[in-house]
Amino acid sequence: MSERILRGRILSFHREPVGAGDEDAFTYHEDGGVWLRDGMIVGCGTFDAVSKRAGTLDVIDHRPHLILPGFIDPHIHFPQVQVVASWGEQLLDWLRDYTFPEEMRFADAGHAARMAGAFFDLLTAHGTTTAVAYCAAHPNSAEAFLAEAHRRNMRMAGGKVMMDRNAPDGLIDTAQSGYDDSKALIEKWHGRGRLHYAITPRFAITSTPSQLAAAGALLAEHPDCYMQTHLSENHDEIAETLRLYPDARDYLDVYDRHGLLGEKALLGHCIHLEEREIARLAETGSRPVFCPTSNLFLGSGLFDDAGLRARGIVNAIATDIGGGTSFSMLQTLNEGYKVLQLQRQQTHPYRAFHWITRGNAVALGLDDRIGTLDEGTEADMVVLDARATPEMKLRHETVETLAEELFLLMILGDDRAVAQTYVAGEPMKVPA
């Protein structure tokens, strides 16, 4: 039995903060303890109270660092590890010139396995303990991703990309083979250990109506799986989608007609939405995913977080590697803050850190398992050092409040600020 106490400054959210003074939304202990047993949190509170309950146990002392729930990244592309920082114009050109050629390499099981090891090393080095990933069209890529996640006992979701047109021959499946391959992967991996399967039609341009119907059939047969795809990222993408689906009322309607919406639907980007689409997102409970570094890098547009939230829509936030430019959820918050500032939408650091922990867990329907430090939840955690770099250390000399420290971390922090990551209570390799 593995059992220990982590000591440090503890921060965990109970609900989304509604403003700068909303300190009832979270619990913060200046000298806190998290009691871990067999991958679960069995106690959390002040260090004195937790240690009294737990008795004599090993204590790992992380003071003066902050201990938070592990970060959650709900939109990332596993096969694009080596595509990050590739110069391109806009979305469709970038896919053609970089992404599709790279994803063809994942037909090789050895390459896929090597990239899976590197991918998960990068995630945990940046404090990310849960992600929802697109794999390549080849079943080998999803096998490599899911097998490595299972080996590391990580709470992960992913799926084989389904695409049967408008891609190179080496990446094309068919409606039937996409269905068959996905179903076999679901039966093998979904619910195994801490794994979830995500049914993954890449986007409407690369799927025929027959394939979207097959994806809808899979979701109907396995309603506890996620469904992930892209929506309204780029004006040319929208125009091409409507050309390919002339009977659709709008882009969202393409997915809606094939039964792909709902609370398990993760829709990347959602930048250029029509009023009817927004209303339908709210009605179905589908989840837009804001990808700020990608949106800026590809020049796609500005995500209207406040407008969607005002309609009762739950928005997630993610890196979108490799259109996104950093594995760091801290840097994702940095760029997201700027995107929203351009629209006069402010993101207080309390809400920002809720977003990448409990907030993304709520979007995934997993807030009873991850995203907090509540007793009875899974022991995925990140330890943050707000003095990690010379500029952070210098700036920290003037920090007086928790909110100021969090803002420092989200603007200047990256993997260097991650002192330690824990997955199911076990420490991951400390970043070099």
Quiz item: Are H14 and T27 close enough, and set up right, to give a side chain to side chain donor-acceptor pair (under 3.5 Å), and what steps lead you there?
Solution: CA-CA 8 Å; H14 313 302; T27 294; 2.5 Å; yes
Practice problem: Begin from the C-alpha positions of H354 and E16 and carry the test side-chain contact (heavy atoms from CB on, under 4.5 Å) through to its verdict. | Solution: CA-CA 6 Å; H354 173 269; E16 182 174 304; 3.6 Å; yes
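Not one N or O on the side chain of Q331 forms a donor-acceptor pair closer than 3.5 Å with the backbone of F327. Between the side chain of E335 and the backbone N or O of T293 there is no donor-acceptor pair closer than 3.5 Å. In this structure, Q420 contributes its side chain and M428 its backbone to a donor-acceptor pair below 3.5 Å. Of the possible donor and acceptor atoms, one in the side chain of N140 sits under 3.5 Å from a partner among the backbone N and O of A107. Listed for the T128 side chain is no donor-acceptor partner under 3.5 Å among the backbone atoms of T124. Listed for the D253 side chain is no donor-acceptor partner under 3.5 Å among the backbone atoms of D256. Distance alone, capped at 3.5 Å, places no donor-acceptor pair between the H222 side chain and the K183 backbone.
No more than 12 heavy-atom neighbours from other residues, nucleotides or ligands sit within 6.0 angstrom of CD on Q346.
H62 contributes atom NE2, which lies 11.0 Å from atom CG of L384 (distance to the nearest 0.5 angstrom).
Among residues two or more places apart in sequence or in another chain, the side chain to side chain donor-acceptor pair (under 3.5 Å) test is passed with R4 by none. The salt bridge (charged side-chain N to carboxylate O under 4.0 Å, His left out) test applied to E23 returns no partner, not counting sequence neighbours. Annotation: side chain to side chain donor-acceptor pair (under 3.5 Å) contacts of R114 (sequence neighbours excluded): none. For R344, there are no salt bridge (charged side-chain N to carboxylate O under 4.0 Å, His left out) partners two or more places apart in sequence or in a different chain. Under the side-chain contact (heavy atoms from CB on, under 4.5 Å) criterion, T241 pairs with A204, I205, E237, Y245, Y251, V254, sequence neighbours left out.
A side-chain donor-acceptor contact under 3.5 Å links D224 and H190.
For residues 152-170, the pairs satisfying salt bridge (Lys or Arg N to Asp or Glu O under 4.0 Å) are D121-R152, E148-R152, R155-E378, K160-D173, with sequence neighbours left out.
Across all non-hydrogen atoms, the minimal contact from R287 to V362 is NH2-O, 3.8 Å.
Note: H230 and Y134 have tilted aromatic rings, judged against thresholds of 30 and 60 degrees for the angle between ring planes.
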